[in-house]
There are 2 protein chains.
Amino acid sequence: MGTRKGRPARKKPDAYHHGDLRRALLHEAVRTIQTHGVAAVTLRSVAETLGVSRTALYRHFADKQALLGAVAAEGFRTLRASLVAAWEGAGRGRVGFEAMGRAYVRFALDHPSHYRVMFGSGAVAPETAPDDPGGAAFQALVDALVELQQRGEVRPDPPLLLALYVWAVVHGIAMLALDGQLDESAPQAEALMDFANARLRTGIATALD
Amino acid sequence: MGTRKGRPARKKPDAYHHGDLRRALLHEAVRTIQTHGVAAVTLRSVAETLGVSRTALYRHFADKQALLGAVAAEGFRTLRASLVAAWEGAGRGRVGFEAMGRAYVRFALDHPSHYRVMFGSGAVAPETAPDDPGGAAFQALVDALVELQQRGEVRPDPPLLLALYVWAVVHGIAMLALDGQLDESAPQAEALMDFANARLRTGIATALD
DNA sequence: ACCTGAACACCGTTCAAGT
DNA sequence: ACCTGAACACCGTTCAAGT
């Protein structure tokens with residue numbers, strides 16, 4: 001803020017040529033999703049609370065779906081940060097891996113609507129990616145598994161396949177919780193994740209026959 | 001069809017007092033979802049293709065969400081039938097169990113939009129239930145696991161917890177595939193399910209230490 | 001470049017009214 | 001009981017126009 005190099009300071013910021021409408025739109029959409037759900041995200045209401053015309057959005061996003069795509073991308077960045085923090089914070093290794101799983105489920109429980117948008121039919125396919133935050137979040141999981149393989153703690157299967165399997169487990173738990181399929185969602189979801197961590201290690205069979 | 005016992009045959013069915021508008025609405029909604037996705041399910045279009053007023057639906061469903069709830073319930077009944085058929089058809093046991101997993105994923109791949117509605121935010125909570133088809137589908141999984149436990153082939157953990165874990169795995173694979181997170185969805189989803197069946201048995205660790 | 005204002009083609013839902 | 005028709009309060013998106 002204040003003056004910028006080589007650009008004459010504007011007398012009055014002129015209300016709305018406010019330079020970062022894109023970021024403001026994105027932030028407002030995320031906020032609305034968190035507090036009132038996706039259905040409440042209306043181009044009209046978002047524009048109004050920002051004090052901007054209903055159609056101003058089209059300068060920054062192709063359409064509403066593009067806005068939601070950006071919301072999803074931001075969600076994946078936050079998710080990735082949570083996963084890495086859990087992994088590092090628990091000192092990596094098997095304990096770190098289990099912490100990652102718990103962090104994943106907790107993220108979904110803490111941001112249910114946002115999480116839903118991230119996996120909504122919008123399909124944030126990799127081609128959209130100058131950075132592909134979804135892929136980056138997944139990569140954090142792959143990296144952890146490779147490290148565990150190098151320590152000889154995880155079977156030497158193709159890391160991609162292993163990572164997809166683990167992702168399916170945590171994503172499945174998250175979705176079941178969000179859809180209200182677990183009674184008393186939050187506690188049972190965490191208990192289920194603890195059980196999942198144990199079963200990921202040893203499976204469900206009684207013996208190796 | 002034809003004459004019904006004890007009821008005077010109607011001369012002309014009178015176009016629309018056609019008695020089973022409810023069923024017709026439900027069928028048309030399912031058909032549209034399958035062919036054009038949920039977004040195409042519009043009360044207006046459904047009514048029009050049925051030759052009925054736009055508001056006739058409100059005699060049979062509280063609102064659009066109730067219609068989609070009925071669509072979800074029907075989906076769960078079909079899913080349950082597929083699971084049971086796979087389990088029985090493969091002669092139960094561990095082979096039957098693995099067949100159930102594959103049948104689950106195949107159902108989702110074959111009815112992507114319908115599957116999405118089944119787990120959409122609508123929340124077909126158990127209180128809606130005169131029959132609760134979602135619970136019945138889940139029960140088929142619980143029953144199979146209990147039977148495997150009785151044979152000593154699955155660890156004697158609480159069946160509910162085991163079933164939730166397995167459900168999370170198949171649901172997670174299904175959702176990842178539907179969201180386009182797997183390249184070449186169909187084949188990779190089935191390969192992932194095969195891997196999942198193996199990992200459900202023995203887990204991902206290298207040893208039992 | 002960035003934003004506005006009016007207009008368009010859609011929605012789900014209500015409500016009094018018809019048979 | 002079951003259905004209609006008009007009306008209401010919403011949508012996302014377009015397009016010519018302003019600065």
Side-chain angles (χ1 to χ4, degrees), chain A residues 4 6-30 32-33 36-72 113 117 120-123, chain B residues 4 6-8 10-29 32-33 36-72 113 117 120-123:
Chain A
R4 286 283 264 302
R7 221 216 245 151
R10 294 218 212 94
K11 292 112 186 280
K12 254 202 216 142
D14 191 25
Y16 307 109
H17 268 60
H18 64 27
D20 220 346
L21 181 55
R22 193 195 137 91
R23 184 192 303 275
L25 287 164
L26 187 51
H27 178 265
E28 179 59 24
V30 169
T32 305
I33 284 171
H36 298 93
V38 216
V41 178
T42 265
L43 298 194
R44 293 160 124 92
S45 83
V46 168
E48 192 181 13
T49 76
L50 256 48
V52 115
S53 144
R54 301 203 284 260
T55 55
L57 169 138
Y58 290 92
R59 270 312 121 183
H60 304 278
F61 296 97
D63 53 17
K64 186 184 183 180
Q65 182 159 295
L67 172 63
L68 291 179
V71 167
S113 298
V117 171
S121 52
Chain B
R4 286 286 264 300
R7 221 215 245 151
R10 293 219 211 93
K11 294 116 186 277
K12 254 204 217 135
D14 190 24
Y16 306 108
H17 268 57
H18 63 25
D20 220 347
L21 180 56
R22 193 196 137 91
R23 185 191 304 275
L25 287 164
L26 187 52
H27 178 265
E28 179 58 23
T32 304
I33 283 172
H36 298 93
V38 218
V41 178
T42 265
L43 298 194
R44 293 160 124 92
S45 83
V46 168
E48 192 181 13
T49 76
L50 257 47
V52 115
S53 143
R54 300 203 285 259
T55 54
L57 170 138
Y58 289 92
R59 271 310 122 185
H60 303 278
F61 297 97
D63 52 19
K64 186 184 182 179
Q65 181 160 295
L67 172 63
L68 291 179
V71 167
S113 298
V117 172
S121 52

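Throughout, a chain's letter reflects where its sequence line sits, starting with A, and its residues are numbered from 1.
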Tell me, do A:D63 and A:L57 make a side-chain contact under 4.5 Å, heavy atoms counted? no
B:R54 side chain near B:L43 side chain, heavy-atom distance below 4.5 Å: no
B:R44 has a side chain; which of C:dT4, C:dT13, D:dT13 sits nearest to it? C:dT13
Between B:L57 (CG) and D:dC2 (P), how many Å, whole number? 14 Å
Length of the CG-P vector between B:L67 and C:dT13, whole Å: 10 Å
Are A:I33 and A:L68 side-chain neighbours, meaning at least one heavy-atom pair lies under 4.5 Å? yes
When rounded to whole Å, the CZ to C1' distance for the pair B:R22 and D:dC3 reads 17 Å
Among C:dC3, C:dG5, D:dC3, the one nearest any side-chain atom of A:A56 is C:dC3
Specify the separation, in whole Å, of atom CG of A:L43 and atom C1' of D:dG12. 6 Å
What distance separates A:S45 OG from A:E28 CD, expressed to the nearest 0.5 Å? 7.0 Å
With hydrogens left out and only the distance checked, is there a donor-acceptor pair under 3.5 Å joining B:T55's side chain and the base of D:dG5? yes
Comparing B:R59 with A:R54, nearest DNA chain D nucleotide closer to 5' gives the residue B:R59
Should D:dG5 form a Watson-Crick or G-U wobble pair with both distances under 3.5 Å, which nucleotide is its partner? C:dC15
At their closest point, which heavy atom of A:L50 faces which heavy atom of A:L21, and how far apart are they? CD2-CD1, 4.0 Å
At 4.0 Å (heavy atoms only), tell me whether B:T42 reaches a base, stays on the sugar-phosphate, or touches nothing. sugar-phosphate
Phosphate oxygens OP1/OP2 of C:dA1: is one of them under 4.0 Å from a side-chain N or O of A:H60? no
Starting at atom CG of B:L25, determine the distance to atom P of D:dC2, rounded to an integer number of angstrom. 13 Å
Once you round it to whole Å, what is the distance between P of D:dC11 and NZ of B:K64? 15 Å
Heavy atoms from C-beta onward define the side chain here; which of C:dT13, D:dG12, C:dT4 lies closest to that of B:D63? C:dT13
Under 4.0 Å from OP1 or OP2 of D:dT14: is there any side-chain N or O of A:Y58 that close? no
Without decimals, in angstroms, what is the distance between A:D20 CG and C:dC2 C1'? 13 Å
Round to the nearest Å and state the distance from A:Q65 atom CD to D:dC11 atom P. 19 Å
